[in-house]
Peer 1: 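Sharing a structure, written as structure tokens. Questions coming.
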Amino acid sequence: MSARQARAAVAAEVPLLLVISGWGSWLSQLRMGPNAWAEDLVHDIVRDGPKSGLTVLVTGERELVASRLFGSIPNRAYFPLGTTEEGRMAWPRFAATKPLRGRAMVSGDFLDGGAAVAQFVAPPPSTAWPYREPPNPARRPFRVEPLPRFVRVSDIVAQHGTEATTPTPARARRAVLLGLGGDEHEPVWITLPRSGVLLALGSAGSGKSSLLTALPLLNPGHQWRSPPQGTDPDAFWADFRRNECSKLVGTGTILLVDDAEHLSSATGLLLAELPTMGFSVVATAGHSPALMQRTPIASLARAHGSGILLGRTSPTDGELFGVRVDVEQAPPPGRAVLIENGRTRPVQIAAPE
């Protein structure tokens with residue numbers, strides 16, 4: 001809607017109809033979760049949508065009539081069949097109508113402010129909504145698609161081109177590509193903290209290790225360091241601190257630490273020193289009540305405020321980052337919640353080849 005309003009030729013836009021069925025159910029879900037801000041967005045769309053060729057059709061029961069949204073709706077239809085006296089308490093007083101399916105009292109701007117009895121058209125029997133194929137618009141409106149259950153690094157490059165794996169000047173120098181997100185499956189980036197830690201939390205099999213393997217493949221323009229497969233991570237990080245660390249300070253090298261909670265306490269303290277020297281660290285760990293006490297870099301990640309939650313989560317898993325998250329019942333491997341600047345969004349992490 002905002003993009004349409006920013007363009008001058010609103011009349012040339014494809015008309016859009018937003019249908020919201022059962023406003024009371026939506027309202028309770030929004031207010032119980034972290035997406036309470038979406039209620040205000042619906043109010044904005046109802047108020048300003050007509051200026052950009054966007055119409056909202058919303059249905060509901062007495063929760064709709066009692067909501068803040070109701071006052072912004074200019075055209076209304078009241079269907080008395082099946083309602084109770086209590087459910088009609090907030091309705092305007094109309095003359096009695098016949099109790100017929102589809103019979104309603106309508107009022108609003110489309111009647112020049114008056115009111116009338118109307119009989120709504122019944123849908124065709126045994127035909128699915130929207131009952132006919134819509135014409136192909138001259139310009140495709142935005143798409144709303146569920147996230148894929150699996151995506152490879154090569155899939156992102158094939159779909160979006162090599163520019164998908166190249167940060168633009170508008171992005172921060174330490175922005176890294178993670179995978180796909182949003183309704184249109186766009187590449188998702190996150191800015192790594194300079195001299196800080198980005199922590200990915202998840203259970204076994206959620207895709208934590210695959211995330212660390214995929215990051216260098218998705219972001220070949222960065223320098224990366226991680227323990228080679230089969231080596232002792234405690235020994236690797238001790239050697240890195242002793243032999244290579246001073247050579248790489250200031251180069252923008254990003255360090256990858258897998259299963260940080262399983263490292264020795266000495267290695268944990270060593271890793272906590274590296275961000276103070278200017279390194280960015282991407283670390284993974286499992287959910288644990290003792291994570292903050294046993295893993296020093298978790299405290300640094302908490303101070304940064306951004307993170308990644310992988311796999312099956314509970315609403316409280318985001319408390320480390322100061323947020324509550326929505327729960328997906330059976331997420332596929334690589335499905336994650338990205339937390340950045342206090343906001344959450346789902347993303348499908350790209351898998352290595």
Side-chain angles (χ1 to χ4, degrees), residues 149-158 164-165 174 176-180 188 190 192-193 196-249 251-275 277 279-288 291 294-298 300-301 307-312 331-336 338 347-353:
R149 297 185 63 84
F150 183 78
V151 61
R152 294 183 179 89
V153 171
S154 57
D155 295 334
I156 297 179
V157 176
T165 58
R174 293 178 182 251
V176 295
L177 180 63
L178 297 175
L180 298 180
V188 174
I190 188 171
L192 297 183
V197 179
L198 175 68
L199 183 63
L201 294 177
S203 56
S206 61
K208 301 193 305 294
S209 298
S210 293
L211 165 65
L212 298 189
T213 304
L215 280 176
L217 301 175
L218 284 168
N219 303 274
H222 293 289
Q223 295 188 52
W224 306 87
R225 283 291 188 278
S226 63
Q229 188 173 5
T231 61
D232 180 6
D234 289 305
F236 172 85
W237 290 117
D239 290 341
F240 176 84
R241 178 67 177 86
R242 182 170 53 251
N243 301 321
E244 295 187 65
C245 183
S246 59
K247 303 174 187 177
L248 297 176
V249 170
T251 63
T253 299
I254 303 169
L255 310 180
L256 302 176
V257 182
D258 200 10
D259 294 328
E261 79 279 20
H262 294 156
L263 300 175
S264 67
S265 57
T267 303
L269 293 173
L270 181 152
L271 290 173
E273 294 178 4
L274 297 178
M277 303 175 66
F279 290 102
S280 291
V281 179
V282 180
T284 70
H287 299 287
S288 171
L291 184 64
R294 298 181 55 185
T295 312
I297 60 174
L300 299 178
I308 300 171
L309 300 178
L310 281 152
R312 185 186 297 272
R335 183 61 52 82
L338 178 60
V347 57
Q348 183 65 33
I349 303 294
E353 299 305 312

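Please read all numbers here as calculations on a predicted model, not as lab measurements.
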Peer 1: Report yes if some heavy atom in the side chain of E261 is under 4.5 Å from a heavy atom in the side chain of R294; otherwise report no.
Peer 2: no
Peer 1: What distance separates H222 NE2 from T253 OG1, expressed to the nearest 0.5 Å?
Peer 2: 11.0 Å
Peer 1: Measure the spacing between OG1 of T284 and CG of L211 and express it to the nearest 0.5 Å.
Peer 2: 8.0 Å
Peer 1: Determine the minimum heavy-atom distance between L177 and L218, stating which atoms define it.
Peer 2: O-CD1, 3.5 Å
Peer 1: So F236 and F240, would you call those rings parallel, tilted or perpendicular, with 30° and 60° as cut-offs?
Peer 2: parallel
Peer 1: Would you check if the side chain of W224 reaches a backbone N or O of L212 as a donor-acceptor pair within less than 3.5 Å?
Peer 2: no
Peer 1: Could you tell me whether the side chain of Q348 and the main chain of P333 form a donor-acceptor pair under 3.5 Å?
Peer 2: yes
Peer 1: For G179 and I156, which heavy atoms make the closest approach, and how far apart are they?
Peer 2: CA-CD1, 3.8 Å
Peer 1: Search all heavy atoms of L256 against all heavy atoms of P227 and return the closest pair with its distance.
Peer 2: O-CD, 3.8 Å
Peer 1: Between T267 and D234, what is the shortest heavy-atom contact and its length?
Peer 2: OG1-OD1, 2.6 Å
Peer 1: Can you spot which of V282, N219, V188 makes a side-chain contact (heavy atoms from CB on, under 4.5 Å) with V176?
Peer 2: N219
Peer 1: Write down the atom of H287, the atom of L309, and the distance for their closest heavy-atom approach.
Peer 2: CE1-CD2, 4.3 Å
Peer 1: Working to the nearest 0.5 Å, report the span between CG of L310 and OG of S206.
Peer 2: 4.5 Å
Peer 1: Supply the atom-to-atom distance K208 NZ to I308 CD1, rounded to the nearest 0.5 angstrom.
Peer 2: 12.5 Å
Peer 1: What I'd like to find out is whether the side chain of L198 reaches to under 4.5 Å of the side chain of P193, using heavy atoms alone.
Peer 2: yes
Peer 1: Is there side-chain contact between L199 and L291, with heavy atoms separated by less than 4.5 Å?
Peer 2: yes
Peer 1: Just how far is it from atom CG of D232 to atom CG of L263, taken to the nearest 0.5 Å?
Peer 2: 9.0 Å
Peer 1: Could you go through residues 241-249 and list every donor-acceptor pair under 3.5 Å that involves a side-chain atom there, pairing it with any protein atom two or more places apart or in another chain?
Peer 2:
residue	atom	partner	partner atom	Å
R241	NE	E273	OE1	3.4
R242	NH2	D239	OD1	2.2

Peer 1: Measuring only between side-chain heavy atoms, which start at C-beta, is L269 closer than 4.5 Å to P296?
Peer 2: yes
Peer 1: What's the shortest heavy-atom distance between L180 and V347, and which atoms?
Peer 2: O-CG2, 3.2 Å
Peer 1: Working to the nearest 0.5 angstrom, can you tell me the gap between L217 CG and L215 CG?
Peer 2: 9.0 Å
